[in-house]
Amino acid sequence: MSTRSLLWFRKGLRVHDNPALLRACDGATSVMPVFVLDPWFMSPARVGGNRVRFLLESLRDLDASLQQRGSRLLVVHGDPTKVIPVALQKWQCTRLCFELDTEPYALIRDAEVRERANANHVNVHAPSSHTLYDMDCLLAKCPNSSPPTNYATFLKLAASLGSPAKPVPAPASIPGTIDGDIAELVALLGDVCTGHGVPTLEELGYEPIAENEGFPARGGETEGLRRLRETLSERTYVAEFKKPSTNPTTLWRPLTEAFGGSKIEPKPPANPFEAAKRKGADGKTNSKTTKDTLMAPATTALSPYMKFGCVSARTFYHELHDLLRELKGAHSKPPESLEGQLLWREFYYLCAFGTPNFYKMEGNRICRQINWTWDQERLEAWENGKTGFPWIDACMKQLKKEGWMHHLSRHAVACFLTRGDLFVHWEAGAAVFDRELVDADYALNNGNWMWLSCSCFFYQYFRVYGPVSFGKKWDKNGDFIRKYLPVLKVRIGRFPNHK
DNA sequence: TTAGAGTTGATTTT
DNA sequence: AAAATCAACTCTAA
């Protein structure tokens, strides 16, 4: 009997390290890769334009990668809890594969779809590949199924499971999609499907964003892996990486310049043919030609690729570890190191998975109950960059414009909104970040807001980021605040050309 | 019960 | 640039 697989993409927008993809292909006569875009959810009130643009770019890249392997991506518009069950039935699929998603809304959505699939005798496979470890495995190791609320304990817990699984390879080819043209297949879905194809921003009701505006890196697996490998080729940068000492006011600039060039020479390849490929006729590396178009801040800017699963955490981890092994211990260590960042992500994912109501204060057992205000005037001033503190306002303008802020900027504005100055509820700030950030992630966003508001994880509430002093410490010449608050470019006084 | 630790403060001193 | 000081929180491990 022939097997037709429906491969449902949600996060995990990649062909490398994609166990659900391999499972869909295994012994199948045809595989139908689908992404369900819900236009009701993808609206300016819920998701910022920068993140939508990144998603659309990622979908186009995924489609191209699938086409290279003899397949293609079908983007269907509608509610996935309706579209997927109907598609399984109308397309006569016997197998449903998707990457496990541990966010609460996703667990509810997927339970509904699983139930419908099981009722129709469809085999469902949902492997864990968004995180380094399977969250169920990690949680099983926690006393009373309560994840640790400090990082050191988490590290021990993770270490007890050994090294994360190695990434699985991308398939060289994928069984063809179901016969028939796209319009016919879509028509079979009836009115649960309101359209198909990758839409434009405008079609979703967004203002267009010019190519050189907004978030300065393009979405997708191809670009994500390229940036990962460029980053890892900067051996000094990786070896010395300490998150707290990266400069939040560094403007986006070409990646080579951003990462300062490798002082530590790469290990010469063992294979002489490989060496010949890497060196041009003039003895210089060939990679320079493409580097100039990659823009980067002080950090790696890989988080949006992690959020959408364009880059696999396990691929990142193991490729990073290959380099760390070569460096023989001469590198920074968690919590501050690059590896430490991947483990922070894992830490928050586990906390979010093991804590009911992680996204809010009430009913959240790890969250301190505080009588925050919901003062609209303060909240709006903060959100719109009108507090009167140039450092805070510049950060918020950057968020709205680019969908991006450096990690420490996020700390500064979150501290300012909550315990530091305005005493507004952290949930209000988290909602703004959740909408605007290109890399907004349920576990990381809520976890960090609890951290910064001293609601959980961190409790030294007398340590406050000065809304003037902290920015001044990094932005000595005021270049950052002038870029995002152009009104400050105008110098008032007798010496308009004063430098 | 208590000592020690905690990714990323600000300011002053060396 | 790095270390000491300031003032002082809560949680974990012993």
Side-chain angles (χ1 to χ4, degrees), chain A residues 132 141-144 146-160 237-250 260 297-303 306 317 320 324 331-351 354-355 361 364-370 389 391-392 395 404-423 426 433 439 441 443-476 480:
Chain A
L132 295 174
K141 290 242 166 192
C142 300
N144 306 318
S146 294
T149 54
N150 74 72
Y151 186 67
T153 311
F154 169 80
L155 288 185
K156 283 181 212 157
L157 184 74
S160 77
Y237 175 82
V238 174
E240 295 174 355
F241 187 91
K242 286 187 177 177
K243 188 73 161 280
S245 47
T246 55
N247 184 344
T249 65
T250 303
T299 47
T300 67
L302 286 167
S303 54
M306 305 295 290
Y317 180 93
L320 171 61
L324 296 184
H331 55 79
S332 55
K333 308 265 173 2
E336 296 162 317
S337 65
L338 212 46
E339 180 192 13
Q341 306 310 306
L342 284 172
L343 293 164
W344 276 108
R345 174 176 181 270
E346 204 73 7
F347 169 63
Y348 281 131
Y349 261 86
L350 177 62
C351 286
T355 310
M361 182 180 81
N364 180 344
R365 67 175 175 226
I366 66 173
C367 183
R368 186 175 283 199
Q369 305 297 301
I370 294 170
F389 290 92
W391 158 242
I392 299 297
C395 289
W404 176 262
M405 259 197 263
H406 182 278
H407 185 66
L408 292 179
S409 306
R410 302 181 194 195
H411 276 219
V413 301
C415 179
F416 183 86
L417 180 71
T418 57
R419 66 189 165 88
D421 297 83
L422 303 185
F423 220 74
W426 64 264
F433 274 25
D439 60 10
D441 182 299
L444 280 57
N445 190 39
N446 291 301
N448 276 316
W449 274 93
M450 277 189 265
W451 182 295
L452 264 301
S453 61
C454 289
S455 297
C456 189
F457 311 115
F458 177 78
Y459 307 94
Q460 290 170 260
Y461 55 71
F462 48 86
R463 283 196 186 170
V464 173
Y465 292 86
V468 177
S469 57
F470 190 73
K472 235 167 127 180
K473 171 177 150 188
W474 298 103
D475 195 26
K476 294 264 193 300
F480 179 82

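The sequence lines fix the lettering, A, B, ..., with proteins before strands; numbering per chain opens at 1.
Under the 4.5 Å side-chain criterion, counting only non-hydrogen atoms from C-beta, A/Arg368 is in contact with A/Tyr461. When side chains are defined from C-beta on, A/Thr249 does not count as touching A/Lys476, because their heavy atoms never get closer than 4.5 Å. Two residues are said to be in side-chain contact when any heavy atoms from C-beta on lie closer than 4.5 Å; A/Glu240 and A/Ser332 fail this criterion.
Two rings, from A/Phe457 and A/Tyr348, have their centers less than 6.0 Å apart. Between A/Phe480 and A/Trp474, a ring centre-to-centre spacing not shorter than 6.0 Å is recorded. For A/Phe416 and A/Phe389, the gap between ring centers is short of 6.0 Å.
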Legend entry - Per-nucleotide pairing state of DNA chain B [Watson-Crick or G-U, under 3.5 Å; [ ] pseudoknot-crossing; | other strand]: ||||||..||||||

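Rounded to whole Å, the P atom of B/dA5 lies 15 Å from the corresponding atom of C/dA4. Spacing between B/dG6 and C/dA7 at atom P, rounded to whole Å, works out to 23 Å. Taking atom P on both C/dT5 and B/dT7, the two are 24 Å apart, rounded to the nearest angstrom.
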For nucleotides 10-13 of chain B, list the nitrogen or oxygen atoms of the protein found under 3.5 Å from its nitrogen or oxygen atoms, one pair per line.
| residue | atom | partner | partner atom | Å |
| --- | --- | --- | --- | --- |
| B/dA10 | OP1 | A/Gly466 | N | 2.6 |
| B/dA10 | OP1 | A/Ser469 | OG | 3.1 |

Tabulate atom names and distances for all N/O pairs under 3.5 angstrom spanning the protein and nucleotides 9-14 of chain C.
none

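The OH atom of A/Tyr465 sits 5.0 Å away from the NE2 atom of A/His411 when rounded to the nearest 0.5 Å.
Contacts with DNA chain C (heavy atom under 4.0 Å) in residues 331-344 of chain A: none are found.
If you check every strand for non-hydrogen atoms under 4.0 Å, A/Trp474 touches nothing.
Among residues at least two apart or in separate chains, there is no salt bridge (Lys or Arg N to Asp or Glu O under 4.0 Å) pair with a member in residues 455-470 of chain A.
Nearest heavy atom pair, residue A/Tyr237 against residue A/Thr300, reads OH-N, 3.6 Å.
What separates NZ of A/Lys242 from P of C/dA1 is a distance of 15 Å, to the nearest Å. The nearest whole Å value for the distance from the CG atom in A/Leu452 to the P atom in B/dG9 is 11 Å. The interatomic distance linking A/Leu155 (CG) with B/dA5 (C1') rounds to 14 Å, in whole Å. At whole-Å resolution of the value, NZ in A/Lys243 and C1' in B/dT8 are 9 Å apart.
Under a cutoff of 6.0 Å and an axis angle of 45°, A/Arg410 and A/Trp404 form a cation-pi pair.
Remark: A/Pro335 pairs with A/Tyr151, A/Trp344 by the side-chain contact (heavy atoms from CB on, under 4.5 Å) rule, at least two apart or across chains.
Proximity of a side-chain donor or acceptor of A/Asn448 to a complementary backbone N or O of A/Leu444 within less than 3.5 Å is detected.
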Inset, instruction - List the steps and the verdict of side chain to side chain donor-acceptor pair (under 3.5 Å) for A/His407 and A/Thr299. - result: CA-CA 9 Å; A/His407 185 66; A/Thr299 47; over 6 Å; no

